[in-house]
Amino acid sequence: MNKNKEVIHLHHGSGGEHMTKLLNEVIFKILKNDILEVRHDGAFLNIQGNLAFSTDSYVVSPIFFKGGNIGELAVNGTVNDLSMCGAVPKFLSLALIIEEGFSLDKFTEIIKSIKIAADKANVQIVTGDTKVVEKGKGDQIYINTSGIGVIHERAAIKIQNIRENDAIIINGPIASHGMAIMSQREGLEFESDILSDTTNLNHVVANLIERFGGKIHFLRDATRGGLASVLHEITTEINFGISIFEEKIKVQNQVRSACELLGLDPLYVANEGIFVCIAAPEIKTEVLEILQKENSNASEIGFITAEHPSKIVIESSFGGKRVVNPLVGEQLPRIC
């Protein structure tokens, strides 16, 4: 069989010779590290400190999209979830559910992107699992990653730490990931290429925590449901409201145009490299300066207020105000 046409078969998940070959020639070869090389039923880890643990499953469609693929998304997503806890990510597990008939070349490309993303985030893939399901019982490939990180000794990330007048800061323009997915789904095309913002956030978050410690009150990445959903999660848990300013929330021009074309509000569109930082007002300028070194579109978008508890009020560039309601239903299914 021509190598370029090789596909995954059920016997690749049977535990026999073909599975061993897949593991050795693709997974172990690409993801090689000392812990994984032990090749036991689990990983032997030496960790000291308070730990954060997170898990997530990735079912994005399409699996290859502008700016990334399901592999790096799976690494970045779990790394970022740990970072939002104030942890330094250390180790990930990798579980793969592959549909029979999936291209071996595409599978190899995904594993390579997982390796690149893990190296960029300075984490190791240390254990995992591979299953193959019958054709028609999956959608090419699903991935689960679980992660362990060590809580930074200066971190105090709790929603209960949020106070009145705290600054709300985001690290870049919103809605790029969701619109990158939508631009390819079902043959939709836009004049400009819209790239997913998928990336690891652990290095910049660690820098913020190292510099400011407990004055960073809360962190959350704005994935499914977008920025608005994160802000609603916050207001349901605290006795305060949120005031935000529309002109401060950056959206790339081509992303905004795509949202308008499809009748979508960028506030509710998923991101994979954007996080919300709620910080004490006395450090907001310094926090913004650090984030703007990474992305010039980082901005202070609003503040915590006692004026309208449990509500998010957005002020338009024309001075009008409206309440931002919770997302009802699913704007973009299978987004991550």
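Side chains included, hydrogens not; waters and symmetry mates left out as well; all remaining heavy atoms used.
The shortest side-chain heavy-atom distance between Asn295 and Asn171 does not fall under the 4.5 Å cut-off. A heavy-atom distance below 4.5 Å is found between the side chains of Ile242 and Ile304. Counting only heavy atoms from C-beta outward, the side chains of Asn24 and Arg39 approach each other to under 4.5 Å. By the 4.5 Å heavy-atom criterion applied to side chains, Arg211 and Ile290 are counted as neighbours. In this structure, the side chains of Lys90 and Leu51 stay at 4.5 Å or more apart for every pair of heavy atoms. The side-chain heavy atoms of Leu82 and Asn202, taken from C-beta on, include no pair separated by under 4.5 Å. Residues Ser229 and Arg224 form no side-chain contact, since every pair of their non-hydrogen atoms from C-beta on lies 4.5 Å or further apart. Val60 has its side chain within reach of Leu73: a pair of non-hydrogen atoms, C-beta onward, lies under 4.5 Å apart.
The two atoms that bring Glu315 and Lys321 nearest to each other are OE1-CE, 3.5 Å, heavy atoms only. For the residue pair Asp139 and Ser61, the shortest heavy atom distance occurs at OD2-OG, 4.2 Å. The minimum heavy-atom distance linking Val251 with Pro266 is given by the pair CG2-CB, 4.1 Å. The two residues Pro173 and Asn271 come nearest to each other via the heavy atoms O-OD1, 4.5 Å. Between Leu219 and Ser83, the shortest heavy-atom contact is CD1-O, 4.0 Å. The shortest heavy-atom contact between Ala279 and Val287 is CB-CG2, 4.5 Å.
For the pair His152 (side chain) and Arg154 (backbone), a donor-acceptor distance under 3.5 Å is present. Without hydrogens or angle criteria, Asn80 side chain to Thr199 main chain gives a donor-acceptor distance under 3.5 Å. A donor-acceptor pair is defined here as one N or O able to donate and one able to accept, closer than 3.5 Å; such a pair exists between the side chain of Glu100 and the backbone of Lys135. Between the Thr145 side chain and the Ala74 main chain, a donor and an acceptor come within less than 3.5 Å of each other. Judged by distance alone, the side chain of Asp197 and the main-chain N or O of Leu195 form no donor-acceptor pair under 3.5 Å. In this structure, the side chain of Gln184 engages the main chain of Lys66 through a donor-acceptor pair within 3.5 Å. For the pair Asn297 (side chain) and Ile174 (backbone), a donor-acceptor distance under 3.5 Å is absent. Asn69 places no side-chain N or O within 3.5 Å of a backbone atom of Ser113 that could act as its donor or acceptor partner. Remark: side-chain polar atoms of Gln292 are paired, donor with acceptor, to backbone N or O of Ala298 under 3.5 angstrom. The closest donor-acceptor contact from the side chain of Asp56 to the backbone of Thr78 lies at 3.5 Å or more, if one exists at all.
Asp119 CG: more than 12 foreign heavy atoms inside a 6.0 Å radius. No more than 12 heavy atoms of other residues, nucleotides or ligands lie within 6.0 Å of CD in Glu153, so this atom counts as exposed by the packing criterion. For Glu307, the CD atom counts as loosely surrounded, since its 6.0 Å shell holds 12 or fewer non-hydrogen atoms of other residues, nucleotides or ligands.
The distance from the CG atom of Asn325 to the CG atom of Leu267 is 11.5 Å, given to the nearest 0.5 Å. To the nearest 0.5 Å, atom CD1 of residue Ile114 and atom CD1 of residue Ile125 are 6.5 Å apart. Note: Gln254 CD to Ile194 CD1 = 5.5 Å, rounded to the nearest 0.5 Å. Atom CD1 of Ile162 sits about 3.5 Å away from atom CD1 of Ile278, to the nearest 0.5 Å. The SG atom of Cys277 sits 13.0 Å away from the CZ atom of Arg220 when rounded to the nearest 0.5 Å. We find the CD1-CD1 distance between Ile98 and Ile8 to be 5.0 Å, quoted to the nearest 0.5 Å.
When the options Glu272, His177, Glu72 are evaluated for a side chain to side chain donor-acceptor pair (under 3.5 Å) with Ser196, the one that passes is His177. The side chain to side chain contact (heavy atoms under 4.5 Å, CB included) with Met84 is formed by just one residue from the set Ile157, Leu201, Val276; it is Leu201.
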> Please walk me through it: do Val75 and Tyr58 pass side chain to side chain contact (heavy atoms under 4.5 Å, CB included)?
Replying inline: CA-CA 10 Å; Val75 173; Tyr58 298 85; over 6 Å; no
> Taking it one step at a time, do Ile110 and Phe102 satisfy side chain to side chain contact (heavy atoms under 4.5 Å, CB included)?
Replying inline: CA-CA 12 Å; Ile110 287 169; Phe102 186 57; 3.9 Å; yes
>> Please determine whether side chain to side chain contact (heavy atoms under 4.5 Å, CB included) holds for the pair Lys112 and Lys115, giving the CA-CA distance in whole Å, both sets of side-chain angles, and the decisive distance to 0.1 Å.
In response: CA-CA 5 Å; Lys112 287 180 177 178; Lys115 172 63 173 173; 5.6 Å; no
>> Could you go through His232 and Ile312, starting from their C-alpha distance and side-chain angles, then the distance that decides it, and tell me whether this counts as side chain to side chain contact (heavy atoms under 4.5 Å, CB included)?
In response: CA-CA 7 Å; His232 271 288; Ile312 303 165; 3.5 Å; yes
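Glu286 and Lys284 are not joined by a salt bridge, as no carboxylate oxygen comes within less than 4.0 angstrom of a charged side-chain nitrogen.
Side-chain contact check for His308 and Ser243: at least one donor-acceptor pair (N or O, by modelled atom type) lies under 3.5 Å.
In the hydrophobic cluster analysis, where Ile, Leu, Val, Met, Phe, Trp and Tyr join through side-chain heavy atoms closer than 4.5 angstrom, Leu92 is grouped together with Ile141. Leu94 and Ile148 are not part of a single hydrophobic cluster, where members link through side-chain heavy atoms under 4.5 Å apart. Using a 4.5 Å cut-off between side-chain heavy atoms of Ile, Leu, Val, Met, Phe, Trp and Tyr, with links allowed through other members, Phe64 and Met179 fall into the same hydrophobic cluster. Cluster membership check: Val205 does not share its hydrophobic cluster with Phe91, using side-chain heavy-atom separations under 4.5 Å among Ile, Leu, Val, Met, Phe, Trp and Tyr. Residue Tyr142 is not grouped with residue Phe107 when hydrophobic side chains (ILVMFWY) are merged at heavy-atom distances under 4.5 angstrom, including chains of intermediate members.
Phe303 and Phe245 have tilted rings, their planes meeting at an angle from 30° to 60° on a 0 to 90° scale. The aromatic rings of Phe44 and His40 lie perpendicular to each other, with more than 60° between the two planes, well past the 30° mark.
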